[in-house]
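Shown next, in structure tokens, is the structure this report addresses.
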Amino acid sequence: MNYPKLPKECTSLLCKYLTPQVFDALKDKKTSNGFTLEQTINSGVKNIDSGIGVYAGDEESYMTFSALFDPIIKEYHGFDTSDTHQSNLNPDDLNAPNPDPKGEYIVSTRIRVGRNVDAMPLGPAISKEQRDEVEARVVEGLSTLKGELAGSYTPLLGMSKEVQESLIKDHFLFKEGDRFLDAVGLNRNWPEGRGIYHNSDKTFLVWVNEEDQLRIISMQQGGDIKEVFTRLVTAIKSIESEVTFAYNDHLGYITSCPTNLGTAMRASVHIALPKLAKDMDAFKTITDKYHLQIRGIHGEHSQSEGGVYDISNRRRLGITEVEAVQDMYDGVVALIEAEKAL
Ligand code: ADP
Ligand code: IOM
């Protein structure tokens, strides 16, 4: 493989950090699962509008290709190679009374974590047999959940297009054919091995074998962020007693995209900010101050509709889960104040 042509207008962290020197140092390396530099960078090379553009095939990728991953991790999370990761899943430590009790701004709240099964390759390097084994082990673990978390698993294989599309439209299910995931091999053997578990109210959901092997999700209408967090913590602990997840003291939970390392947590609200959105500079000044990311309402790489945005914590590594949610909460309070003042 030759050094890829990366156009000047490319703003991804891949384009920033894949210098010819880094490329030369890494181009012949491979992890023990056979994951190469070419696979690591292919998503960002094929999709120059990527935010990041790199994926890991396994935990070892973060070491083997550290000359590329470390500066990306440092810039995205503000996390150094000498730092260690800490976890705090105690809802009592979260200071988050509903910032919008009258329901004027916040449409819904969702908090998710990514998880991957210990000692398995990550999705970009997994074989079909291993992926199917992950699905079977996870579904077995989920079948033990009780009370509010009890639900059922539906594989994507055999799901009608109608049901699939309506779950996607209502924000419950992952999209199909994502080009960023496609380029790193995350869509191989689609739809086999993929599926969704949820309770009857769809306030607790688990995606199986999408970007990560599990996305554990708690969501509901309105702005009761603490209730959403508390449900998620109960779920994480219950699932963790059945399935062991990939974790290390430096990088926290291991995920296929470096943006998700650490807590692997994205806490978001869908929030109507039509006035503030008319002045994107003012909007971004607030989101930058509170380390927030702005997405559209159909997930990553989508657009806003009707002045409604997906606002979430940007950092996930080197801060605890409570701090990740607190980032989002404090920022949302500031955004609501700014919208009210206009
Ligand atoms: P992820 O959060 O897993 O990184 P996406 O950004 O692609 O992935 O979002 C996945 C889905 O979750 C999308 O349908 C998105 O609209 C939905 N979603 C995200 N945040 C919220 C929210 N606060 N309320 C309702 N749906 C949400
Ligand atoms: N997490 C991943 N889907 N994303 C950061 C892709 C990208 O834009 O590089």
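Along the sequence shown, the residues carry numbers beginning at 1.
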Among the clusters formed by ILVMFWY side chains lying less than 4.5 Å apart, do Ile294 and Met265 turn up in the same one? yes

Lys128 pairs by salt bridge (Lys or Arg N to Asp or Glu O under 4.0 Å) with which of Glu192, Glu133, Glu135? Glu192

If you measure from the Lys or Arg side-chain nitrogens to the Asp or Glu carboxylate oxygens, is any gap between Arg215 and Asp212 under 4.0 Å? yes

Using the side chain to side chain contact (heavy atoms under 4.5 Å, CB included) rule, take Lys202 and Leu167 through it: C-alpha gap first, then chi angles, then the decisive distance, then the call. CA-CA 10 Å; Lys202 300 199 189 77; Leu167 286 171; 3.7 Å; yes

Does Arg194 pair with Asp132 as a salt bridge, N-O distance under 4.0 Å? no

Ignoring hydrogens and angles, state whether a donor on the side chain of Asp58 or Asn33 is under 3.5 Å from an acceptor on the partner side chain. yes

Close aromatic pair by centroid cut-off 6.0 Å: His270 and Tyr105: no

Geometric cation-pi criterion, Arg115 with Tyr253: 6.0 Å, 45°: yes

Does His198 have its ring centroid less than 6.0 Å away from the ring centroid of Phe204? no

Flag side-chain contact, heavy atom, 4.5 Å: Ile239 against Val206: yes

Minimum side-chain heavy-atom gap Phe245-Leu214 below 4.5 Å: yes

Does Asp70 pair with Lys74 as a salt bridge, N-O distance under 4.0 Å? no

Between Glu165 and Lys169 (salt bridge meaning N to carboxylate O under 4.0 Å), is one present in this structure? no

Residues Glu148, Arg231: salt bridge by 4.0 Å N-O rule: yes

Ser108 and Gln220 side chains, donor-acceptor separation under 3.5 Å: no

Audit row: Lys30, Phe35, side chain to side chain contact (heavy atoms under 4.5 Å, CB included) steps and yes/no: CA-CA 5 Å; Lys30 252 188 198 180; Phe35 204 70; over 6 Å; no

Over 60° means perpendicular and under 30° means parallel, so classify the ring planes of His298 and His171, tilted if in between. parallel

I need the Asp330 CG to Glu323 CD distance, nearest 0.5 Å. 11.0 Å

Is the Phe174 ring parallel, tilted or perpendicular to the Trp207 ring (thresholds 30°, 60°)? perpendicular

For Glu339 against Leu276, the heavy-atom pair lying closest together: OE1-N, 2.8 Å

May I ask you to decide if Gly177's main-chain N or O and Asp182's side chain share a donor-acceptor pair within less than 3.5 Å? no

Which heavy-atom pair separates Thr64 from Leu26 by the least distance, and what is that distance? O-CD2, 3.7 Å

Applying salt bridge (Lys or Arg N to Asp or Glu O under 4.0 Å) between Asp310 and each of Arg110, Arg112, Arg266, report the one that passes. Arg266

Let me confirm one number: the CG-CE distance from Asn313 to Met328, rounded to the nearest 0.5 Å. 7.5 Å

Ionic contact status for Glu38 with Lys27, cut-off 4.0 Å: no

Between Phe283 and Tyr309, is the ring centre distance below 6.0 Å? yes

